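Because only heavy atoms are used, hydrogens play no part in the values below, and waters and symmetry mates are left out as well, while side chains stay in. Residue numbering restarts at 1 for every chain, and letters A, B, ... go by the order of the sequence lines. Owing to the predicted nature of the structure, the values given are computational and were not obtained by experimental measurement.
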2 protein chains.
Amino acid sequence: MTWNGRIMSREPQDVTEAELGLMQTLWDRGRSSTRQITDLLYPGGGQAQYATVQKLLERLEGKGFIRRDRTLFVHTFVAAVERDELIGRRIRGLADKLCGGSLVPILTHLARNPTLSESERKALRELIDEPDEPARRPPKRTRGRKG
Amino acid sequence: MTWNGRIMSREPQDVTEAELGLMQTLWDRGRSSTRQITDLLYPGGGQAQYATVQKLLERLEGKGFIRRDRTLFVHTFVAAVERDELIGRRIRGLADKLCGGSLVPILTHLARNPTLSESERKALRELIDEPDEPARRPPKRTRGRKG
DNA sequence: TTGCAATTAAGACGCCATGTCTTAGGATGC
DNA sequence: GCATCCTAAGACATGGCGTCTTAATTGCAA
């Protein structure tokens, strides 16, 4: 069985370090071609680096983190998962692995964090006080929990 | 150079999945021996599982996440890094890799999180208000208003 | 059309992290 | 003395990951 923690059980897969570089590029500059990404990430890179980017893009596509447009000869790519979404996944993963699934330990850690400047603290406070939409307060009765 | 992202540059190293199981045990039950941990993590395990735990403990010690007491014949282990500290490291790593080092994107994500219950929201708010300000603040309504 | 450059596509490669297990050598206790 | 527990050292397979080579395909200019 070799039950490992990541070999079996089909975990959703994550973006690796090098792949993250490509994601950043797509997030920052939007739809791009392999060439554009390569020039940006490996300035002065040759065929080898180009192929590396290719492979990374292929894997990212396979994992569903980017989408490829094949209509033109030169394919273009866009992020299928936004930066914030990835942040969310990481936080959730962190909560699952270290906090029994709860976000509270993370929250408290953040709140107690001394590196949190007063302005950040203030910004956070406002964000918390302000749920989502101004027109949405009454219908909120202990809902929206997923198992 | 083979600059990879983890091969070179001596990154502080992280706790792996299996190792995390041992850490949880040490966090929960405090100082423990290899035997105790093995019985807990691999019930009915034999010599093989015992050795696995041994190796994991050895690696954790090497990485500085636990401390070993060799005074007695049977060594005992304690966590050298607390759960909260590890949470902090992960958050920081997340911020570095995905947020350019800033915690704000993480904070905003959390604040916007729909799975955050009202009680959690409230708890967070209190935690934020607490640290810096000793005890000098009218009940509420600090900031003026926001659009 | 021919030829060159760029692009896609497929796969090989080496390294090492990771979890697992085997074995040897000491200490303990009956 | 002998079985049993422990430590210690290391072997091992698997797979992730970043990298690179090579071949096939397409576009474009001369």
Side-chain angles (χ1 to χ4, degrees), chain A residues 1-25 31-39 41-42 44-63 65-77 97, chain B residues 1-25 31-39 41-42 44-63 65-77 97:
Chain A
M1 242 189 262
T2 86
W3 169 188
N4 264 348
R6 65 174 53 76
I7 291 167
M8 294 200 57
S9 85
R10 211 75 352 226
E11 286 193 35
Q13 299 240 48
D14 195 16
V15 176
T16 70
E17 198 65 22
E19 287 168 359
L20 196 51
L22 306 212
M23 293 301 293
Q24 305 272 17
T25 303
R31 182 174 291 278
S32 314
S33 68
T34 309
R35 171 61 54 192
Q36 293 172 315
I37 298 173
T38 305
D39 289 348
L41 260 39
Y42 300 82
Q47 180 65 23
Q49 284 68 41
Y50 186 88
T52 296
V53 172
Q54 251 182 223
K55 178 60 69 182
L56 260 13
L57 285 169
E58 178 190 324
R59 288 175 183 165
L60 278 171
E61 187 192 9
K63 295 195 238 179
F65 287 102
I66 64 176
R67 246 189 327 261
R68 181 196 301 246
D69 183 348
R70 298 171 188 269
T71 57
L72 298 180
F73 174 55
V74 177
H75 297 183
T76 56
F77 304 83
K97 286 208 269 272
Chain B
M1 243 191 257
T2 85
W3 169 186
N4 263 348
R6 65 175 54 75
I7 290 168
M8 294 199 55
S9 85
R10 215 65 1 219
E11 286 194 35
Q13 300 241 50
D14 195 16
V15 177
T16 69
E17 197 65 21
E19 287 167 0
L20 196 52
L22 306 214
M23 293 302 293
Q24 305 272 18
T25 303
R31 182 173 291 280
S32 313
S33 67
T34 308
R35 172 61 55 194
Q36 293 172 314
I37 297 173
T38 305
D39 289 348
L41 259 39
Y42 299 82
Q47 180 65 21
Q49 285 68 41
Y50 185 89
T52 295
V53 171
Q54 251 182 220
K55 178 60 70 184
L56 260 13
L57 285 170
E58 178 190 324
R59 288 176 182 166
L60 278 171
E61 187 193 9
K63 295 195 236 176
F65 287 103
I66 65 176
R67 245 187 330 260
R68 182 196 300 246
D69 183 346
R70 299 170 187 269
T71 57
L72 296 181
F73 174 56
V74 177
H75 297 183
T76 56
F77 304 83
K97 286 208 270 272

Could you state the atom-to-atom distance from CD of Glu17(A) to C1' of dA17(C) in whole Å?
15 Å
Specify the separation, in whole Å, of atom CG of Leu20(A) and atom C1' of dG16(D).
16 Å
side-chain contact (heavy atoms from CB on, under 4.5 Å) with Thr76(A): which residues, sequence neighbours excluded?
Arg31(A), Asp69(A)
Between N or O atoms, less than 3.5 Å apart, protein on one side and nucleotides 25-30 of chain C on the other: list the pairs.
none

Heavy atoms under 4.0 Å, any strand shown: does Ser33(B) hit a base, just sugar-phosphate, or nothing?
nothing
So for Arg59(A) and dG16(D), does any side-chain atom that can act as donor or acceptor lie under 3.5 Å from a complementary atom in the base?
no
Reckon Arg68(B) has a side-chain N or O less than 4.0 Å from the OP1 or OP2 of dA8(D)?
yes
Neighbours of DNA chain C within residues 46-54 of chain B, by heavy-atom distance under 4.0 Å
Gln47(B), Ala48(B), Gln49(B), Ala51(B), Thr52(B)
Distance, rounded to the nearest Å, where Glu58(B) contributes CD and dT18(C) contributes P
14 Å
note: Leu57(B), atom CG; dA8(D), atom P; distance rounded to Å ~ 11 Å
Let's test your reading of the model: under 3.5 Å, does the base of dG19(C) pair with the side chain of Lys55(B) as donor and acceptor?
no
Taking side-chain contact (heavy atoms from CB on, under 4.5 Å) as the test, write out the residues that go with Ile37(A), two or more places apart.
Leu22(A), Thr25(A), Leu26(A), Ser32(A), Leu41(A), Val53(A), Leu57(A)
For Ser33(A), give me all partners under side-chain contact (heavy atoms from CB on, under 4.5 Å), at least two apart in sequence or on another chain.
Arg35(A), Gln36(A), Val74(A)
Partners meeting salt bridge (Lys or Arg N to Asp or Glu O under 4.0 Å) with Glu61(B) (sequence neighbours left out):
Arg68(B), Arg70(B)
I need the minimum non-hydrogen distance between Gln13(B) and Phe65(B), along with the two atoms involved.
O-CZ, 3.7 Å
Evaluate His75(A) against Thr34(A) for side chain to side chain contact (heavy atoms under 4.5 Å, CB included), listing each step before the verdict.
CA-CA 7 Å; His75(A) 297 183; Thr34(A) 309; 5.7 Å; no
Could you work out, with salt bridge (Lys or Arg N to Asp or Glu O under 4.0 Å) as the rule, every residue matching Arg67(B), not counting sequence neighbours?
none
Whole angstrom value for the distance that separates P of dG19(C) from CE of Met23(B)
14 Å
Roughly, in whole Å, what's the span from CZ in Arg35(A) to C1' in dA9(C)?
16 Å
Once side-chain contact (heavy atoms from CB on, under 4.5 Å) is applied, do any residues pair with Glu19(B), and if so which ones, sequence neighbours excluded?
Val15(B), Thr16(B), Leu56(B), Arg59(B), Leu60(B), Lys63(B)
Should Thr16(B) be listed as having a side-chain N or O under 4.0 Å from OP1 or OP2 of dG19(C)?
yes
Can you find a side chain N or O atom of Arg70(B) that sits less than 4.0 Å from OP1 or OP2 on dA8(D)?
yes
Distance in angstrom units between Ile37(B) CD1 and dT7(D) P, rounded:
10 Å
Starting at CG of Leu56(B) and ending at P of dA17(C), how long is that distance when rounded to a whole Å?
15 Å
Using modelled atom types and a 3.5 Å cut-off, is there a donor and acceptor pairing between side-chain atoms of Gln24(A) and backbone atoms of Gly21(A)?
no
